[in-house]
Structure formats: structure tokens, C-alpha cells
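Below is one structure, written out as C-alpha cells; comments come after it.
These numbers were taken from a predicted model, which means no experiment stands behind them. Residue numbers begin at 1 in each chain, while the letters A, B, ... track the order of the sequences.
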Number of protein chains: 2
Amino acid sequence: MPWHLTSDRPIYTQLIEQIKLKICSGVYPPGSKLPSVRDLAREASVNPNTMQRALAKLEEDGLLYTQRTSGRYVTEDVDMIKKAKNQLAKEHIQNFLTKMAELGFDYDEILSIISSMAKEMKK
Amino acid sequence: MPWHLTSDRPIYTQLIEQIKLKICSGVYPPGSKLPSVRDLAREASVNPNTMQRALAKLEEDGLLYTQRTSGRYVTEDVDMIKKAKNQLAKEHIQNFLTKMAELGFDYDEILSIISSMAKEMKK
DNA sequence: ATTACTGTATTAAGGACTTAATACAATAAT
DNA sequence: ATTATTGTATTAAGTCCTTAATACAGTAAT
């Protein structure tokens with residue numbers, strides 16, 4: 001999964017989301033070691049300071065921890081990761097339903113549109 | 001519908017989205033006159049320059065037009081508005097399905113979660 | 001005719017984000 | 001022991017966004 005960065009929001013915010021996603025989806029498994037700040041920055045074509053900022057935030061949230069000079073690791077707390085994943089899913093669903101309701105779609109419409117669209121995207 | 005502005009994205013971007021939503025959902029009906037730039041800016045607690053920037057973009061897209069010194073109006077082209085609305089819906093659905101798939105949910109899961117969550121939100 | 005209200009434009013200032021270029025201390029690898 | 005690699009910190013520059021303070025021309029209202 002490559003890095004998708006756009007200029008319409010702060011980069012460090014997008015980095016936080018994408019690293020979090022990699023943790024929640026298992027790309028970075030529990031307990032695994034992350035690439036170094038400099039390597040991650042290179043990967044994402046971003047300044048090390050910016051990557052550092054994102055990592056510090058994820059550490060603050062408890063999804064990562066640092067071992068002084070050996071590197072940074074994903075938490076072994078699989079329950080915390082699971083909760084983070086469910087929280088993300090919940091937010092996506094609520095945002096989506098809210099936006100569709102604002103546009104004037106009711107729940108039956110949403111369900112029928114989404115099931116036909118899901119079939120489209122399977123191809 | 002009040003204005004919801006956050007600091008995590010440029011304000012003018014959020015203004016564009018929210019005015020567009022008001023047009024697509026009928027809060028600002030086709031052909032109706034908008035409040036003046038200064039009034040809209042006051043409403044949203046934003047600088048007139050910033051509001052002007054958002055309005056200019058919507059005008060560029062054809063959803064608004066300006067009559068020299070009398071004010072700004074929503075397009076009478078109801079078909080264009082309808083297309084904009086459907087485009088918005090499509091984007092929301094695609095974004096949603098993509099994000100849920102990235103998290104590891106398959107379509108059946110998504111459908112069952114959403115239908116139960118929709119019932120929750122009805123209350 | 002005068003006044004008030006349109007959209008529009010300009011300039012200056014401040015803030016947040018990003019990059020670049022370093023530097024330092026602690027530890028792993030050799 | 002020396003070297004390379006960790007995370008971390010600092011400073012300066014540049015960009016974009018936002019605000020503030022004006023100003024102007026055209027038109028509607030009086």
C-alpha cells in the first residue's frame with residue numbers, strides 16, 4: 001500500500017491516518033518494528049520532521065511505542081488495535097450516513113444505491 | 001443549517017462544500033438570490049475575502065452567477081444541480097466503500113452494519 | 001442627486017505547515 | 001573501540017491561508 005498525499009490537508013494529518021490504517025488493517029502487525037523515521041520519510045517523500053510529528057501523535061495515542069535507540073514498534077495490545085479499528089469504522093459510517101442524509105437521501109435509498117454500487121466495484 | 005468550520009482544512013474549501021450542499025439540497029433554491037458576500041461572511045464568521053474566494057469558485061463551476069451590482073444568484077439550471085447532487089452522492093459512496101474495504105470489511109459486513117446503524121440513527 | 005449596497009481588488013500582517021540543514025546523545029553492529 | 005543507526009531538537013526560509021483595512025465602480029433605492 002503506497003502513500004497517498006494530497007495538498008488539501010496538512011500532510012502530517014494524512015500520515016497519521018495512513019499509518020493508523022496500516023496498523024488497524026495488519027500491514028504493520030502488533031509488536032512489529034517500523035522502518036526508521038528517515039526511511040519512512042523517504043518512502044512517503046516527506047521531510048523527516050513531518051514524519052516524526054505523525055509518529056509522535058500515534059505514540060501519544062498508544063498505538064506505537066519507542067525503544068530508546070533501537071526503533072519504534074507497534075503496540076502488542078491487540079485489543080487496543082481492535083478498538084481503534086472499530087472506532088474508525090464507526091466514524092466512517094456515521095460520516096457517510098450524515099452526509100447522505102444532508103443531501104436528502106433516506107435510508108432505504110442509501111441501502112439500495114450502496115448494494116448496486118458495491119456490485120459495480122467488485123468488477 | 002448553520003456553518004460548521006474546522007481548522008483542519010482551508011476554510012474556503014469548507015465554504016465551497018457547504019454552499020454547494022445548500023444548493024444541492026434546496027436550502028438555496030434554483031434562481032434564488034444569495035445574501036451578499038459581506039452578509040454571508042458575517043453569518044459564517046469569516047473574512048469577506050475568504051467568502052468571496054469560495055463564491056468565485058462556485059461561479060466558475062456554474063452553480064452561481066453574478067448580476068453586476070444587484071447580487072449573486074443560484075443557477076436556474078435544475079439539471080446541473082441534479083447532476084452535482086448525484087456526483088456528490090457518488091463520491092461519498094465510493095469514498096466510504098473504499099475506506100471500509102481498506103479496513104478489511106467486505107460488502108456483506110458493510111451492508112449489515114450500515115442497516116443496523118441506520119436504525120440506531122433514526123431514534 | 002444623494003445614499004446605500006452590490007461585487008471586486010489591493011496591500012500588509014500574522015499564523016500554520018513544510019522543508020532543509022544541521023546537531024546531539026544513546027545504543028546496536030562491526 | 002569505532003562506526004552506523006536510533007530518536008529527537010533547533011533554526012531559518014518559503015508557501016499558503018486568513019484577516020484587516022481600505023478603496024473603487026456600478027446600480028438600486030430614496
Side-chain angles (χ1 to χ4, degrees), chain A residues 2-20 22-23 28-76, chain B residues 2-20 22-23 28-76:
Chain A
W3 300 88
H4 299 298
L5 299 175
T6 62
S7 59
D8 63 337
R9 283 184 312 147
I11 294 178
Y12 82 93
T13 294
Q14 303 177 56
L15 293 176
I16 291 171
E17 293 172 354
Q18 290 176 34
I19 297 170
K20 194 173 184 179
K22 290 183 183 193
I23 294 172
Y28 295 149
S32 65
K33 182 178 180 178
L34 288 183
S36 74
V37 186
R38 293 170 179 80
D39 284 346
L40 281 172
R42 237 186 312 268
E43 263 188 41
S45 302
V46 146
N47 190 279
N49 295 328
T50 307
M51 183 58 75
Q52 165 73 15
R53 185 171 179 179
L55 295 170
K57 167 64 176 162
L58 289 166
E59 194 163 337
E60 191 187 315
D61 292 348
L63 287 174
L64 297 179
Y65 66 93
T66 294
Q67 225 148 25
R68 303 238 168 199
T69 59
S70 97
R72 226 182 295 251
Y73 300 84
V74 178
T75 180
E76 284 100 0
Chain B
W3 299 87
H4 300 299
L5 298 175
T6 63
S7 59
D8 63 338
R9 283 184 310 149
I11 295 179
Y12 83 95
T13 292
Q14 303 178 55
L15 293 175
I16 292 171
E17 291 172 355
Q18 290 175 35
I19 297 170
K20 193 173 183 178
K22 290 183 183 193
I23 294 172
Y28 296 149
S32 65
K33 182 178 179 178
L34 288 184
S36 73
V37 185
R38 292 169 178 83
D39 284 347
L40 282 172
R42 236 186 313 270
E43 263 188 42
S45 303
V46 147
N47 191 279
N49 294 329
T50 307
M51 183 58 74
Q52 165 73 16
R53 184 171 178 178
L55 295 170
K57 167 64 175 162
L58 289 166
E59 194 163 335
E60 190 186 314
D61 293 348
L63 286 174
L64 298 178
Y65 66 93
T66 295
Q67 224 148 24
R68 305 234 167 199
T69 60
S70 94
R72 224 182 296 250
Y73 300 83
V74 177
T75 180
E76 285 100 0

In whole angstroms, the gap separating P of D:dT5 from CZ of A:Arg72 amounts to 18 Å
Check the side chains of B:Glu43 and B:Trp3 for a donor-acceptor pair under 3.5 angstrom, ignoring hydrogens and angles. yes
Please check: side-chain N/O of A:Asn47 versus main-chain N/O of A:Asn49, any donor-acceptor pairing under 3.5 Å? yes
Figure out the CZ/P separation between A:Arg53 and D:dG7, and round it to whole Å. 18 Å
Whole-Å distance between C:dC5 P and B:Lys33 NZ? 12 Å
Each nucleotide in nucleotides 20-28 of chain D should get exactly one letter: B, S or -. Can you fill that in based on protein heavy atoms under 4.0 Å? BB-B--BS-
Run B:Val74 and B:Leu63 through side chain to side chain contact (heavy atoms under 4.5 Å, CB included) and show every step you take. CA-CA 6 Å; B:Val74 177; B:Leu63 286 174; over 6 Å; no
Is a side-chain donor or acceptor of B:Gln67 paired with a backbone partner of B:Tyr73 at a separation under 3.5 angstrom? no
Between A:Asp8 and B:Thr13, does the side chain to side chain contact (heavy atoms under 4.5 Å, CB included) criterion hold? Intermediate values first, please. CA-CA 8 Å; A:Asp8 63 337; B:Thr13 292; 5.7 Å; no
Whole-Å distance separating the CD atom of A:Gln52 from the C1' atom of D:dT6: 11 Å
Over how many whole Å does the gap from B:Leu34 atom CG to C:dG7 atom C1' extend? 13 Å
Distance-only, no hydrogens or angles: does the A:Gln52 side chain make a donor-acceptor pair with backbone N or O of A:Val37 under 3.5 Å? no
What's the CG-P distance between A:Asp39 and D:dA4, to the nearest Å? 16 Å
Does D:dT6 have OP1 or OP2 sitting under 4.0 Å from an N or O in the side chain of A:Thr66? no
Round to a whole Å and report the spacing from CD of B:Gln14 to P of D:dC16. 19 Å
How many whole angstroms separate atom CD of B:Glu60 from atom P of C:dG7? 18 Å
